[in-house]
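To start, the structure under review is shown below, and the notes come after it.
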Amino acid sequence: MDTTGPGSRALVLGGGGIAGIGWEIGLLSGLAAAGVDVGAADLVVGTSAGSVVGTLLRSGADLQEAHAAQLGPVPAGERAVPFDGGSFFTALAEALAGATGEQDARARVGALALRAETMPESERRAVIGARIGSAGWPAARLVVTAIDTADGEFLAVDRDTGWPLLDAVAASCAVPGVYPPITVGGRRFMDGGLRSPTNADLAAGCDRVLVVAPMGGFPGSPLGPSLDDELATLRRDGEVHLVLADEAARAAFGTNPLDPATRAPAARAGRAQAERVAEEVRAFWG
């Protein structure tokens with residue numbers, strides 16, 4: 001199914017941990033409440049947190065109910081994991097030393113992910129399953145991103161890839177060193193956000209692309225393109241509108257965006273930001 005070309009619209013949802021899920025749900029539910037239906041996109045691209053939210057959106061979940069759930073008690077199966085940003089990026093820098101290119105760099109991070117002691121895959125799958133439900137791939141086009149830990153290959157996974165949707169989303173959310181890589185077909189896959197927090201260039205060819213991202217990425221990253229590079233690619237064929245988490249939202253994310261306690265404050269911040277950006281998004285989206 002061709003989802004690009006004249007008149008086509010894409011929604012790109014970036015990564016940002018559990019806080020990013022809350023913020024995106026808050027933002028999208030606020031846009032929906034204002035009458036801006038971004039769920040009608042021809043293509044949805046989701047990375048990490050965005051793969052969860054993209055799945056909910058494509059599966060027809062009620063965004064107002066999803067937002068209310070973010071404000072409620074944390075599900076019993078969602079345990080906090082320790083995450084220190086400084087230590088994480090130090091470990092990445094050490095793994096990347098001597099990398100010969102982007103794919104080699106990602107493979108080096110993949111080796112780090114395979115060595116890490118994490119929760120069992122079964123526990124992680126259960127957590128992701130509780131977030132997205134048991135539905136299979138939606139009829140409308142959804143692409144989620146993952147990386148092969150063995151060789152650093154970047155994958156854009158959709159219903160034609162042949163993966164179960166749960167596997168695809170769990171792999172896209174497998175932050176290296178924190179969560180276990182996910183086994184699919186005898187290989188193990190990790191977070192697609194290692195290439196880029198947005199992977200917005202997957203929407204190239206669409207006439208209008210709305211990029212919603214908790215974070216803007218890392219200029220000069222050896223792992224993949226910068227957000228500026230991706231936006232330049234998209235603008236060769238169409239128009240782009242970018243919504244990044246604002247200062248209040250970033251404050252709500254705290255120092256550990258993987259902590260389930262960030263769900264509610266991030267969701268509230270996303271909802272408040274939606275009120276401020278709804279009209280400009282409406283004007284762009286049409």
Between [X] and [Y], what is the shortest heavy-atom contact and its length?
X: Glu230; Y: Ala200; value: OE1-N, 3.2 Å
X: Ala150; Y: Arg187; value: CB-NH2, 3.5 Å
X: Ala10; Y: Cys206; value: CB-SG, 3.7 Å
X: Ala264; Y: Leu71; value: O-CD2, 3.7 Å
X: Gly217; Y: Pro219; value: O-CD, 3.7 Å
X: Ala49; Y: Gly17; value: CB-O, 3.5 Å

>> Quick one, Leu31 with Trp285, criterion side chain to side chain contact (heavy atoms under 4.5 Å, CB included). Give me CA distance, side-chain angles, the key distance, then yes/no.
In response: CA-CA 11 Å; Leu31 291 176; Trp285 195 247; over 6 Å; no
Is a donor on one side and an acceptor on the other found under 3.5 Å between the side chain of [X] and the backbone of [Y]?
X: Gln273; Y: Asp246; value: yes
X: Ser221; Y: Leu223; value: yes
X: Glu153; Y: Asp148; value: no
X: Arg188; Y: Pro181; value: yes
X: Ser226; Y: Gly220; value: no
X: Trp137; Y: Trp163; value: yes
X: Ser87; Y: Phe83; value: no
X: Arg108; Y: Ala97; value: yes
X: Arg263; Y: Ala69; value: yes
X: Arg159; Y: Leu142; value: no

[X] side chain near [Y] side chain, heavy-atom distance below 4.5 Å:
X: Tyr179; Y: Leu258; answer: yes
X: Pro260; Y: Arg79; answer: no
X: Leu202; Y: Phe154; answer: yes
X: Val12; Y: Leu234; answer: no
X: Ile21; Y: Ile25; answer: yes
X: Asp191; Y: Ile147; answer: no
X: Leu56; Y: Leu28; answer: no
X: Leu63; Y: His67; answer: no

> Going by atom types only, do Thr47 and Asn199 share a side-chain donor-acceptor pair under 3.5 Å?
Replying inline: yes
>> Side chains of Thr262 and Asp259: any donor to acceptor distance under 3.5 Å?
In response: no
>> Among Val240, Leu11, Leu13, exactly one meets side-chain contact (heavy atoms from CB on, under 4.5 Å) together with Val211. Which residue is that?
In response: Val240
>> With side chain to side chain contact (heavy atoms under 4.5 Å, CB included) as the criterion, how do Ile182 and Ile128 come out once you've worked through the C-alpha distance, each side chain's angles and the decisive distance to 0.1 Å?
In response: CA-CA 11 Å; Ile182 299 299; Ile128 300 299; over 6 Å; no
> Say you draw a straight line from CD1 of Ile132 to OG of Ser59; how long is it, rounded to the nearest 0.5 Å?
Replying inline: 7.5 Å
> How long is the gap from CG on Asp201 to OG on Ser196, to the nearest 0.5 Å?
Replying inline: 7.0 Å
> Yes or no on side chain to side chain contact (heavy atoms under 4.5 Å, CB included) for Arg141 and Val143, after CA distance, side-chain angles and deciding distance?
Replying inline: CA-CA 7 Å; Arg141 184 94 193 279; Val143 173; 3.4 Å; yes
Would a hydrophobic clustering, with Ile, Leu, Val, Met, Phe, Trp and Tyr connected at side-chain separations under 4.5 Å, put [X] with [Y]?
X: Met190; Y: Val184; answer: no
X: Leu194; Y: Ile18; answer: yes
X: Val36; Y: Phe284; answer: yes
X: Val281; Y: Trp23; answer: yes
X: Val127; Y: Val81; answer: no

> side chain to side chain contact (heavy atoms under 4.5 Å, CB included) between Asp151 and Gln103: does it pass, once the steps are laid out?
Replying inline: CA-CA 7 Å; Asp151 61 8; Gln103 185 166 338; 4.1 Å; yes
>> Quick test of your reading of the model: are Glu121 and Arg124 salt-bridged, counting only N-O distances below 4.0 Å?
In response: no
> Partners of Asp167 by salt bridge (Lys or Arg N to Asp or Glu O under 4.0 Å), sequence neighbours excluded?
Replying inline: Arg125
> What class does the angle between the rings of Phe89 and Phe218 fall in, given that below 30° is parallel, 30 to 60° is tilted and above 60° is perpendicular?
Replying inline: perpendicular
